[in-house]
Amino acid sequence: MSTTTYLIDVSVTISIIFLILFYVYYKYNSTKSEMDKIAEKTDYVDTGSYFRDAIGGKNKSIGMSAFLLNDAKSIGVRYIITSIIFFFIAGTFGVIMRVSLVEPTPTLFLNRTVLYDILTTQHGLLMIYMWALGSALGFSYYLLPTFLKVKKDSMGGYSSAAYWIYILGGIFILLSRTSTRWYFYPPLSLNLNPYNAGGFNWLAVLGMEMIFVGVVIAAIVVIKMIIMDRDENVKIEQMPLFAWAVLFTLIMLVASAPFFMLGLAMTFYDFFNPIFFVSSSSSPLSFTEMFWIWGHPIVYIAILPQFGLIYEIIPKFTGNKIYSYASGVLALGLLMPLSELVWGHHLLNSGFGLEWGLFFTTASFLVVIPSAITVFNYIATLWTSPKIRLTVPMLFVVNGIFDFIIGGITGVIQSNLVLNEVLHGTYWVTGHFHFIFLGITTGIAFAVIYMLFPSLTNGRKYNVRLAHWHFTLTAVGSFIMSMGWTIGGFYGMPRFVAGYFARFQAFQDTAILGGVIVGVAQLFFLANIFVTYSKAPSIASSNALEDAYNLPAIESGGE
Amino acid sequence: MNQKYKIEIIWIVAVLAILFASMGINFYVTGMKSFSVATKETPGEKTPGTLIQATGVQWSWSFEINGVKTVDNFTLTVNQTYTMVITSLPVGTGQAVIHDLLIPEFGIQVYAVPGQNNTITFTPDKTGTFIFECVEYCGYDHYKMRGYFTVVK
């Protein structure tokens, strides 16, 4: 396809999207004025909080209205719904690219290895920005108003606009078919056009900028919600740990995003007039550094809210309090500055030299301390609890802690300056990353979705058997897949390649097996939604995370 | 002593024991073997050992040892010191992208950056055929940037 036809395609798509947006705006305005009248009748000053309370307690249907209303709960539901959709898109890409590695030479795609590159790039970008970040923002918007007893939703319009910018950015990335990996390293992202691989990288860069604009606005709104909109009775030193986790995460996000936003803007300019990263007075490494100052915090941003959520889930099923609240806050707080100092360990072999290498290695080792405090806190809470109810969310939590320990240890090993020369760029890193992302980010997100199930589906119970299958296959599959990668990477199996040395066949086959199991497991989740929706609502649309917030055990919701 | 303190004491002791053990192993291993890290410098007159000029192009590695040029293949002599200078094609050739040369068996990994010479010194201590590969995505046929090299007596 030539660039001209593609430009026409893109402009038609954008026009359709804008038409839809105008329609949505019209619908929103008419709904809002209608709802305002009802809210006024029921003596509510703030319309937003009326919607929130109505959705929380009075068995009010959510449906598509979440996309039209501006209160925090609705925006949270929006983020959760779209993040699940993008999870399935990106997951499909992941399974296809994994299966394509069935032979050492790329035969499945008829030697069009660029398909592999596109799928991998899309899988990474969408999973990180649309699933991990989207679900984290969704849970923050959905849960924090209840946790902090927020009485009034403010800045709903900003949140809503931020959401639409963010979603449009994700769609742009999907349309761009970029294949630059999620790094966007400039000489390559500028050069890739001739091979018809990522001729539309500029669209992906634009999409990334939109995601950033949306996410930063949302972050500021949520930070304001935590610091300023809190009820007077909820003191900051007694705030739920999830609120602390979100607060630290979003401060980290706002502090480190500008580097990459600036880098992307300069890259965008380089497409037309290369003066920044590929000129004689600069080095392509300048961009890699700007990228990793953001690129390392983003992986912490994807797990810190989930750390907070684990602190919220465990007491619900064990019946005792968190072992140590203060050390939990301390650990989450330590992770924030440390994550900003370790970005260099992604570039240890780029010619930093020994001194900087040792600095970044030492800083990376220091991250172990808060991570270990967090994990020990979880284990102590489980250890000292009288009884543990192993429901599906709790199983996800236990598996997440287990996977995080393995992923954490592999992470420390690879941050060693000398071992990094062997392990960097191999599947070891992929294994380390997926242990944590499948165990913590994805696992805990599913745990929370299962706990919020009655609220999200308007009073329906999830099918426990399907949920058990979902959990078991996800846990087993992700372990097989990540372990195959970790061991293969130790022998030097390079990542992000469409073909590989025949000696790595066994590890790749193991990973394919695991990947397919993980893919099948998610179908059980999909089946669960459809099975549940075929039945009428049977329980109250309250959920364990919110209603029993101050009570130890749960009676309604869940199982 | 209540349970809370017991748990904490077990942890502190166990973690400290593991940490000190791994620190000992680390000192022992790093003391046995010298290692080198890639640095951003152009080798001067006092280059230790033989110079290997490695250049990453899309999509192969070219090596130059003592004036002999080879592509995706080279031969070294065991127990002899080599200094490898790694770079990518300069900006303006249209092929200027970042590569990353990895030789897993010898623990060598150096970025090939356009317009920058990265240097690493190493001494192969075993004979045989080993793999090398590019581990930084560099375009369409990135996976073809790999090959075998031999270390002979």
Side-chain angles (χ1 to χ4, degrees), chain A residues 105-106 113-114 116-117 120-121 179-181 183 185 187-188 191-192 194-197 274 278-280 282-285 288 323 347-354 357 372 376 379-380 383-384 416-426 490-501 503, chain B residues 3-4 7-8 11 15 19 22 26 29-30 33 35-41 58 86 88-92 94-98 100-120 130-146 148:
Chain A
T105 45
T113 49
V114 68
Y116 175 86
D117 300 337
T120 317
T121 306
S179 70
T180 56
R181 296 182 81 165
Y183 303 166
Y185 283 176
L188 185 68
N191 285 356
L192 262 176
Y195 312 106
N196 201 13
V278 289
S279 67
S280 56
S282 177
S283 165
L285 281 182
T288 67
Y323 185 82
L347 297 165
L348 281 179
N349 310 304
S350 66
F352 273 154
L354 191 60
F376 283 150
I379 297 174
W383 195 346
T384 53
N416 184 314
L417 183 56
V418 185
L419 278 171
N420 187 271
E421 289 188 72
V422 188
L423 302 175
H424 180 93
T426 66
F490 195 75
Y491 290 105
M493 180 165 73
R495 65 193 277 215
F496 208 92
V497 281
Y500 48 92
F501 285 111
R503 62 168 72 177
Chain B
Q3 203 194 359
K4 210 164 174 169
I7 292 169
E8 283 175 8
W11 275 345
V15 170
L19 280 181
S22 52
N26 246 322
V29 173
T30 48
K33 207 165 176 177
F35 65 91
S36 65
V37 175
T39 50
K40 177 188 171 180
E41 57 187 32
Q58 282 172 322
I86 295 166
S88 178
L89 292 179
V91 170
Q95 289 219 341
V97 293
I98 299 173
D100 189 353
L101 178 69
L102 170 65
I103 304 175
E105 273 97 344
F106 289 110
I108 292 163
Q109 180 167 168
V110 190
Y111 273 65
V113 183
Q116 178 177 323
N117 284 326
N118 281 337
T119 307
I120 194 164
F130 305 103
I131 57 168
F132 64 85
E133 58 211 10
C134 177
V135 292
E136 184 59 62
Y137 177 60
C138 54
Y140 188 63
D141 276 342
H142 159 57
Y143 78 99
K144 286 184 180 163
M145 280 189 76
R146 61 184 195 208
Y148 295 93

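Order of the sequence lines sets the chain letters (A, B, ...), proteins ahead of strands, with each chain counted from 1.
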- In this structure, CG of Leu423(A) is separated from CD of Gln109(B) (nearest 0.5 Å) by 9.0 Å

- Shortest non-hydrogen contact from Leu102(B) toward Thr426(A): CD2-CG2, 3.6 Å

- Item | Worked verdict on Tyr185(A) versus Val97(B) for side-chain contact (heavy atoms from CB on, under 4.5 Å) | CA-CA 8 Å; Tyr185(A) 283 176; Val97(B) 293; over 6 Å; no

- Query: If you take all heavy atoms of Pro104(B) and Gly492(A), which pair is closest and at what distance?
  - Reply: CB-CA, 3.7 Å

- Message: Between the side chains of Glu133(B) and Arg503(A), is the shortest nitrogen-to-carboxylate-oxygen separation below 4.0 Å, so that they form an ion pair?
- Response: no

- Does Tyr111(B) reach the side chain of Thr288(A), with side-chain heavy atoms less than 4.5 Å apart? no

- CG-CG distance between Asn118(B) and Asn349(A), expressed to the nearest 0.5 angstrom: 9.5 Å

- Query: Is atom OH of Tyr491(A) surrounded by more than 12 heavy atoms (other residues, nucleotides or ligands) closer than 6.0 Å?
  - Reply: no

- Message: Could you walk me through whether Phe376(A) and Val15(B) satisfy the side-chain contact (heavy atoms from CB on, under 4.5 Å) test, starting with their C-alpha distance in whole Å, then the side-chain angles of each, then the deciding distance to 0.1 Å, before giving a yes or no?
- Response: CA-CA 11 Å; Phe376(A) 283 150; Val15(B) 170; 3.5 Å; yes

- Item | Trp11(B) to Trp383(A) - nearest heavy-atom pair and separation | NE1-CZ3, 4.1 Å

- Item | Heavy-atom proximity to chain B below 4.5 Å, by part of Asn416(A) | side chain

- Task: Using non-hydrogen atoms and a 4.5 Å limit, figure out which bit of Val113(B) sits close to chain A: side chain, backbone, both or neither.
- Result: side chain

- Applying a strict 4.5 Å limit to non-hydrogen atoms, the region of Phe130(B) in contact with chain A is neither

- Task: Return the option, out of Pro284(A), Gly357(A), Ala372(A), Pro274(A), with the maximum number of heavy-atom pairs under 4.5 Å with chain B.
- Result: Pro284(A)

- Closest non-hydrogen atom pair, Val135(B) against His424(A): CG2-O, 4.2 Å

- Could you go through the side-chain contact (heavy atoms from CB on, under 4.5 Å) check for Val497(A) and Arg146(B) one step at a time? CA-CA 11 Å; Val497(A) 281; Arg146(B) 61 184 195 208; over 6 Å; no

- Give me the one residue out of Gln58(B), His142(B), Glu136(B) that meets side chain to side chain contact (heavy atoms under 4.5 Å, CB included) with Leu188(A). Gln58(B)

- From Thr105(A) OG1 over to Tyr143(B) OH, what is the distance, rounded to the nearest 0.5 angstrom? 7.0 Å

- For Phe501(A) and Phe132(B), the nearest pair of non-hydrogen atoms, with its separation, is CZ-O, 3.9 Å

- Task: Check whether Ile86(B) gets within reach of chain A through its side chain, its backbone, both or neither, counting any heavy atom under 4.5 Å.
- Result: neither

- Message: Testing the basics here: between Gln116(B) and Ser283(A), what is the closest heavy-atom pair and its distance to 0.1 Å?
- Response: OE1-OG, 4.1 Å

